[in-house]
Amino acid sequence: MRASDAIEKISLVLLEYLWTFKGFLIEQAATSNLKEVRWHLAQILPKLKLNLNQEERQRVVDILLSYFSDGSSIVITFAMQALADIAKQSPNYRPSVLAHLRELTVVGMPAMKAHGRKRL
């Protein structure tokens with residue numbers, strides 16, 4: 001948890017330092033069961049946009065969509081934000097992301113509804 005928090009803080013200032021570790025970060029996002037790690041990685045992964053190929057971007061989208069079944073509303077909310085950021089960068093993801101955001105805006109917890117309305 002502490003390491004993911006530190007990495008997220010680094011991504012705010014020195015994102016290019018993380019490019020070398022994009023595969024590791026994606027793998028951790030896919031395999032970690034810790035909500036604290038997941039929400040920090042949900043904040044980091046969309047920032048790697050310039051350094052992701054199409055296959056990696058699709059994997060990130062799939063991972064973030066899987067976060068919607070997480071028991072933590074914080075993880076889900078950060079995944080919503082991350083997907084909205086990716087949809088801005090990659091228009092081909094917009095229809096799918098918009099559908100998911102609309103759904104969570106209707107059925108999600110209050111924070112999810114509020115974030116969903118802002119992102120839509």
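Count residues from 1 along the sequence. As a basis for the values below, the full set of heavy atoms in this structure was taken, side chains included, without hydrogen atoms, waters or symmetry mates.
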### Summary
Rounded to the nearest 0.5 Å, the OG1 atom of Thr105 sits from the CG atom of Leu98 at a distance of 10.0 Å

### Query
Does any non-hydrogen side-chain atom of His40 lie less than 4.5 Å from one of Arg2?
no

#### Entry: Glu55 atom CD, over 12 foreign heavy atoms within 6.0 Å
no

### Task
Applying side-chain contact (heavy atoms from CB on, under 4.5 Å) between Leu83 and each of Val60, Leu101, Val97, report the one that passes.
Val97

### Query
Residues in side-chain hydrogen bond (donor to acceptor under 3.5 Å, both in side chains) with Lys88, at least two apart?
none

#### Entry: Point-to-point distance, once rounded to the nearest 0.5 Å, from CG of Leu15 to CG of Asn51
8.5 Å

### Query
Of all heavy-atom pairs between Ala82 and Ala42, which one has the smallest distance, and what is that distance?
CB-O, 3.1 Å

### Ile76 reachable from Met1 in the ILVMFWY side-chain graph, under 4.5 Å edges
no

### Sub-4.5 Å side-chain heavy-atom contact between Ile63 and Leu41
no

### Query
Would you say the side-chain atoms of Ser69 pair up with the backbone N or O of Ser66, donor to acceptor, closer than 3.5 Å?
yes

### Query
Taking atom CZ of Phe24 and atom CD1 of Ile7, what is their separation to the nearest 0.5 Å?
6.5 Å

### Task
Give the C-alpha distance, both sets of side-chain angles, the deciding distance and a yes or no for side chain to side chain donor-acceptor pair (under 3.5 Å) between Gln81 and Asp85.
CA-CA 6 Å; Gln81 176 62 55; Asp85 292 345; 2.7 Å; yes

### Message
I want to check something: taking the side chain as every heavy atom from C-beta on, are Asn53 and Glu56 in contact at a cut-off of under 4.5 Å?
### Response
yes

Side-chain donor-acceptor pairs of residues 28-37 under 3.5 Å, sequence neighbours excluded:
residue, atom, partner, partner atom, Å
Thr31, OG1, Glu27, O, 2.9
Ser32, OG, Leu34, N, 3.2

### Message
According to ring pair (Phe, Tyr, Trp, His ring centres under 6.0 Å), does anything in residues 58-77 pair up with another residue at least two apart or in another chain? List the pairs.
### Response
Phe68-His100

### Query
Does any non-hydrogen side-chain atom of Leu25 lie less than 4.5 Å from one of Ile44?
yes

### Message
If we ignore hydrogens and angles and just use 3.5 Å, is the side chain of Lys22 paired with the main-chain N or O of Leu48 as donor and acceptor?
### Response
no

### Query
Has the side chain of Ser72 got a donor or acceptor atom that lies under 3.5 Å from a matching backbone atom of Val75?
yes

### Any Asn92 side-chain heavy atom under 4.5 Å of Arg57 side chain
no

### Task
With rounding to the nearest 0.5 Å, note down the distance linking CZ in Phe78 to CZ in Arg38.
14.5 Å

### Task
Carefully, step by step, assess Lys47 and Leu12 under the rule side-chain contact (heavy atoms from CB on, under 4.5 Å).
CA-CA 9 Å; Lys47 296 175 188 175; Leu12 297 172; 3.2 Å; yes

